[in-house]
Amino acid sequence: MKRSDRIRETIDRNWMVPSMPDGHTERFAMRLEKSKSTNRTTVFALWSTLLSVAAAIAIVIFMQQGTTMSAAEKKIASIKGYYASLLWEESEYIEQITADLSPVTREQLINDVKIIKEQADSVAETILRNVEDEELKIHYMVVSYTSHLGSLKKLRAYFEDKLNNFNAY
């Protein structure tokens, strides 16, 4: 008999493990489910923080490199970067909270979210090409991006409400 087997046998013989209380398995399963939902929130918070830091760094680098840009062009670039990060953040959150949907429904939803993001950029590019006044460009871009971001936030709120009502039962 190996030494490790003898040690194991001695431990088993002399160390009595108390039995677990009734309902232990159910409480453990509930905690496990709760930790899964908490983990999603933690991952989202981590990604959104990383994205915000990356966007800020990108804006700073872009502003430093673009010394030949006018003040309005720098402001437009920072607005585009800021709203792009917000749109991305909302779309990522929608993707996370809808992970349990059927694959076909989820794919349709993700495509719709992608269209909303692309339309925001398309409208911004149209504004940049067609509006002469720099201040009006900025104003129209902010209004457009805010509108598209509002659409994503409403979509997010809808799915959060549906998931909360579903989890309540």
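For the single chain, residues carry numbers from 1 onward in sequence order. What's counted below: heavy atoms across the whole structure, side chains too, no hydrogens, waters or symmetry copies.
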*Does a side-chain heavy-atom distance below 4.5 Å link Asp133 with Lys137?*
no
_I need the Ile115 CD1 to Lys117 NZ distance, nearest 0.5 Å._
12.0 Å
*Would you indicate whether Glu134, at its atom CD, is surrounded by more than 12 heavy atoms from other residues, nucleotides or ligands within a distance under 6.0 Å?*
yes
*For Ala120 and Ser144, which heavy atoms make the closest approach, and how far apart are they?*
O-OG, 4.3 Å
*asked:* Please determine whether a side-chain nitrogen of the Lys or Arg among Glu125 and Lys80 lies less than 4.0 Å from a carboxylate oxygen of the Asp or Glu.
replied: yes
*Would you check if there is a donor-acceptor pair between the side chains of Glu160 and Tyr93 at a distance under 3.5 Å?*
yes
*Is there a path from Val143 to Leu86 through hydrophobic residues (I, L, V, M, F, W, Y) whose side chains come within less than 4.5 Å of each other?*
no
*Contact check, side chains of Asp121 and Tyr83, non-hydrogen atoms, under 4.5 Å*: no
*Taking atom NZ of Lys114 and atom CG of Leu87, what is their separation to the nearest 0.5 Å?*
14.5 Å
*Work out which heavy atom in Val142 is nearest to a heavy atom in Thr146; give both atom names and the distance.*
O-OG1, 2.6 Å
*asked:* Rounded to the nearest 0.5 Å, what separates atom OH in Tyr145 from atom CD1 in Ile79?
replied: 9.5 Å
*Interatomic spacing from CD1 in Ile76 to NZ in Lys74 - rounded to 0.5 Å*: 13.0 Å
_Given Ile116, Leu149, Leu155, the one that forms side chain to side chain contact (heavy atoms under 4.5 Å, CB included) with Glu90_ = Leu149
*Between Arg27 (side chain) and Asp22 (backbone), is there a donor-acceptor pair under 3.5 Å?*
yes
*Side-chain heavy-atom pair Phe159, Leu109 within 4.5 angstrom cut-off*: yes
*Measure the CD1-CD distance between Ile97 and Glu92 for me, rounded to the nearest 0.5 Å.*
12.0 Å
*Any chance OH of Tyr82 has more than 12 other-residue heavy atoms, nucleotides or ligands included, within less than 6.0 Å?*
no
_Nearest 0.5 Å, please: how far is CD in Gln119 from OG1 in Thr126?_
11.0 Å
*Are any non-hydrogen side-chain atoms of Met141 and Leu128 less than 4.5 angstrom apart?*
yes
_Please tell me whether Thr105 and Ser102 have a donor and an acceptor in their side chains that are separated by less than 3.5 angstrom._
yes
_Using side-chain heavy atoms (C-beta onward) and a distance below 4.5 Å, is Ile110 in contact with Arg106?_
yes
*Below 4.5 Å, heavy atoms only, C-beta onward: do Gln108 and Val104 meet side chain to side chain?*
yes
_Any donor-acceptor pair under 3.5 Å from Thr98 side chain to Ile94 backbone_ = yes
